[in-house]
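Input: a single structure, listed below in structure tokens.
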Amino acid sequence: MVESTKTYIPIPVKVSRINEESPDRTLRTYDLEFVNKEDRFDYMPGQFCQLSIFGKGESPLGIASSPTETDFLRFTVNRVGVVTTAIHYLEEGDELGVRGPLGNYYPVEKFKGQNVVIVSGGFAFTTLRSLVVYMLDPAHRGDYKDITVIYGARTPDLLIYKDELEKWETRKDINVHLTIDKGIQGWKKHVGFVPSVTKEIAPASKDAWVVVCGPPIMIKYTLPVLTELGFPSERIYTSLERRMKCGIGKCGRCNIGAKYICLDGPVFSLAELEDISEPY
Amino acid sequence: MKKLKLKKKNLGDFINELTRDYALYAPQEKEGTISFSLVEKPEEITLDYHNSDTSPKEIFFPQKEVILTYQDGNSQPVFYEGKPFALLGVRPCDAKSFQLLHQVFSTKKFEDPYWLTRFKNALIIGLACNDTLPTCFCNWLDGSPHGKEGMDILLTDLGETYLAEAVTEKGESLLKQQKDWEEASEADLKQASKLEETALKSLPPKIESAKLKEKLDGMWDDPLWEEIAQRCLNCGACAYLCPTCHCFDIQDEGNEKNGKRIRLWDCCMYPLFTKEGSGHNPRKNPADRVKQRFMHKFNYIIQNFDKYGCIGCGRCITYCPVNIDVREVLKQILET
């Protein structure tokens with residue numbers, strides 16, 4: 001039980017680095033440092049925070065940094081509403097607030113000794129980056145067998161964390177498959193939508209777990225492919241999003257059926273979701 | 001537990017005593033509306049009433065509440081700092097609603113400090129219903145016109161006196177302080193149980209409420225939701241009057257330097273409730289929202305807290321502008 005008078009109080013953080021992720025300037029990555037070192041909190045890949053801008057409000061965002069990266073908290077922010085637009089106006093050195101860590105996390109304990117497949121599309125890659133960096137960390141890499149990443153976007157520009165993806169492509173301890181929807185000159189990697197590329201790559205389902213995050217349409221067409229490849233729904237995980245306010249299961253808006261995404265999620269197995277009538 | 005009698009002519013003294021130690025709230029009529037308001041003088045209150053128009057949950061979970069103030073990037077939580085609350089004359093259904101709200105706000109990993117600050121030291125003095133309204137149906141939902149759940153003391157109107165029964169230790173110790181109150185006699189207790197019997201008889205015949213959850217499990221795609229949605233105006237009156245609705249919004253008032261963050265009641269009947277920044281709305285049709293309301297009360301809350309999300313107070317029936325009657329909906333669910 002988290003018993004705190006500070007439940008709704010944002011922790012002050014400062015922008016230490018900003019990276020423009022897409023040429024249309026709608027996606028930016030913010031590295032944040034705690035203003036007071038003693039505020040630093042531990043978290044796990046898949047958890048999220050409420051980012052707070054006083055005068056504007058709060059917005060829930062998945063943590064893109066890995067718990068192994070202790071110097072900063074990273075968030076990639078898509079500019080869509082009042083709060084995310086305000087975040088986009090921030091410059092390095094500016095302060096904002098963060099509430100978290102909230103929600104559950106990817107079942108990294110269950111993944112131990114197993115192969116892990118990550119399937120993603122667009123800017124949903126954020127908490128999956130956290131998961132990959134966590135598993136690749138020398139302290140953890142030995143816990144997992146093969147790590148495969150299948151990641152796609154409409155165009156090469158819209159793949160986020162490009163520099164890091166390039167580095168992973170050169171490593172021997174991770175298989176990275178990048179794809180774009182339509183081929184363009186100079187692109188030598190996969191071409192096609194994530195579900196069909198997943199089918200083509202056909203990661204083995206034996207002793208393997210898969211995490212799939214992306215736009216709803218991608219998820220809709222990827223799940224049958226994974227089932228066809230032999231992944232049981234207990235070993236298929238995803239992370240969900242909904243409009244949220246409190247982030248702690250009280251304000252009542254992020255439920256799917258009886259489950260609150262902020263509290264029981266955001267990470268769910270497909271098996272759990274199959275028991276819920278409400279569409280996710 | 002103690003069972004005493006409070007003479008009606010001594011009620012004023014009791015109220016004065018309560019106001020010394022507590023911020024006392026009791027039903028008061030203002031411009032034709034009965035609400036639980038802060039009592040300054042005993043003569044302001046009315047215990048001769050059916051039920052308050054608004055739910056007394058607003059004392060522990062105000063419709064609008066400042067949760068923090070901020071200045072130059074620093075924020076401070078704002079908590080209620082007054083005397084502990086005492087509520088006098090709470091109807092059994094409403095007292096039961098506090099127990100559900102307390103579960104929502106104090107369990108499932110996180111405690112809500114604002115609710116707890118207001119609720120944890122509160123004294124709840126209930127008032128049994130001898131006379132029910134045509135919209136009352138607490139008996140469908142594990143309630144009773146003389147129910148004691150969620151109270152420290154239950155008062156029953158016996159005409160010239162109130163029978164005062166301690167329900168909790170806290171109620172017991174308050175009654176022990178009442179040196180000049182008489183012990184209740186066998187005849188008094190008999191009279192009270194007779195009154196309870198009469199009140200119970202005045203309520204509508206029970207339905208098979210225990211089957212609601214299971215029925216609803218299979219009703220995701222039922223045409224009933226669209227049928228209700230065609231009448232529903234999505235006005236939210238039901239949610240704002242509902243003693244168990246706990247959904248809220250959080251909004252900032254002020255500029256980026258100075259201001260306050262407030263929480264306000266919100267309502268699942270409104271399209272904006274779930275509309276996301278991208279424009280996507282997982283509950284974009286009125287039928288989706290109507291379904292959420294009934295599923296939450298009679299299925300999800302049962303799954304999460306093992307009790308009904310409705311106490312049968314009937315306020316939503318009285319005030320729905322298009323006469324949607326939750327009792328009719330429940331019957332329709334059971335007939336499906």
Side-chain angles (χ1 to χ4, degrees), chain A residues 1-12 14 35 50 52-59 78-86 89 94-97 102 104 215-216 240-260 262-264 276-280, chain B residues 67-68 70-71 73-77 79 104-117 217-221 245-259 261 263 266 268 272-282 288 291-292 295-296 299-304:
Chain A
M1 182 70 64
V2 180
E3 194 176 338
S4 171
T5 54
K6 296 200 165 178
T7 308
Y8 292 90
I9 303 299
I11 299 164
K14 192 191 268 184
V35 172
Q50 283 281 10
S52 163
I53 302 274
F54 288 128
K56 302 291 181 190
E58 295 184 317
S59 195
N78 183 28
R79 194 186 66 207
V80 282
V82 173
V83 178
T84 50
T85 300
Y89 276 102
D94 284 349
E95 280 189 22
L96 68 159
L102 302 167
N104 67 352
L240 302 180
E241 290 186 324
R242 276 287 189 281
R243 183 179 180 141
M244 288 175 191
K245 289 287 174 174
C246 70
I248 56 169
K250 315 294 183 204
C251 82
R253 72 196 61 226
C254 71
N255 67 301
I256 44 159
K259 302 273 185 201
Y260 283 109
C262 67
L263 197 64
D264 305 300
I276 301 172
S277 302
E278 184 158 18
Y280 49 88
Chain B
I67 58 172
L68 62 87
Y70 61 87
Q71 185 160 27
N74 294 312
S75 56
Q76 283 297 328
F79 293 112
V104 171
F105 283 123
S106 70
T107 63
K108 307 267 175 196
K109 292 185 207 162
F110 294 93
E111 291 189 331
D112 185 282
Y114 303 96
W115 166 270
L116 284 178
T117 304
D217 281 341
M219 286 182 66
W220 187 261
D221 296 314
C245 274
H246 60 81
C247 293
F248 59 83
D249 190 10
I250 299 177
Q251 294 278 341
D252 286 4
E253 271 184 6
N255 57 33
E256 60 195 38
K257 292 270 171 230
N258 289 300
R261 186 159 280 175
R263 77 166 167 197
D266 204 350
C268 60
L272 266 182
F273 189 66
T274 47
K275 191 175 178 185
E276 293 164 15
S278 63
H280 172 67
N281 190 347
D288 300 332
K291 176 160 59 183
Q292 162 66 19
M295 284 286 186
H296 193 202
N299 184 291
Y300 306 158
I301 286 184
I302 299 171
Q303 288 188 53
N304 286 328

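So that the names make sense, note that chain A is the first sequence line, chain B the second, and so on, each numbered from 1. Worth knowing before you read on, the calculation uses all heavy atoms, side chains too, and leaves out hydrogens, waters and symmetry mates.
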At their closest point, which heavy atom of [X] faces which heavy atom of [Y], and how far apart are they?
{"X": "A:Leu102", "Y": "B:Phe110", "answer": "CD2-CZ, 4.5 Å"}
{"X": "A:Gly55", "Y": "B:Asp252", "answer": "N-OD2, 2.8 Å"}
{"X": "A:Arg243", "Y": "B:Phe273", "answer": "CD-O, 3.4 Å"}
{"X": "B:Ser106", "Y": "A:Lys250", "answer": "N-NZ, 4.3 Å"}

Under a 4.5 Å heavy-atom cut-off, does chain A meet the side chain of B:Phe248, its backbone, both or neither? both

Does the A:Arg253 side chain pair with the main chain of B:Thr274, one donor and one acceptor, at a distance under 3.5 Å? no

Please check: side-chain N/O of B:Lys109 versus main-chain N/O of A:Leu263, any donor-acceptor pairing under 3.5 Å? yes

In terms of heavy-atom proximity below 4.5 Å to chain B, should [X] be classed as side chain, backbone, both, or neither?
{"X": "A:Ile53", "result": "backbone"}
{"X": "A:Glu241", "result": "backbone"}
{"X": "A:Tyr280", "result": "neither"}
{"X": "A:Lys6", "result": "neither"}

In the structure I gave you, are the side-chain heavy atoms of [X] and [Y] within less than 4.5 Å of one another anywhere?
{"X": "A:Phe54", "Y": "B:Arg261", "value": "yes"}
{"X": "B:Gln292", "Y": "A:Asn255", "value": "yes"}
{"X": "B:Ser278", "Y": "A:Asn78", "value": "no"}
{"X": "B:Trp220", "Y": "A:Pro279", "value": "yes"}
{"X": "B:Tyr300", "Y": "A:Glu278", "value": "yes"}
{"X": "B:Lys108", "Y": "A:Tyr260", "value": "no"}

Between [options], who has the most heavy-atom pairs with chain A when the cutoff is under 4.5 Å?
{"options": "B:Gln76, B:Met295, B:His280, B:Glu256", "answer": "B:Glu256"}
{"options": "B:Asp217, B:Asp249, B:Ile67", "answer": "B:Asp249"}
{"options": "B:Pro77, B:Cys268, B:Gly259", "answer": "B:Pro77"}
{"options": "B:Glu253, B:Gln251, B:His296, B:Lys275", "answer": "B:Lys275"}

Please round to the nearest 0.5 Å and tell me the distance separating atom CD of A:Glu58 and atom CD1 of B:Ile250. 6.0 Å

Which of the residues [options] is involved in the greatest number of heavy-atom pairs with chain B at under 4.5 angstrom?
{"options": "A:Cys254, A:Ala86, A:Gly249, A:Pro10", "answer": "A:Pro10"}
{"options": "A:Pro216, A:Ala258, A:Gly252, A:Ser59", "answer": "A:Ala258"}
{"options": "A:Cys246, A:Cys251, A:Ser52, A:Pro12", "answer": "A:Cys251"}

Would one find more than 12 heavy atoms of other residues, nucleotides or ligands at under 6.0 Å from atom NZ of A:Lys259? no

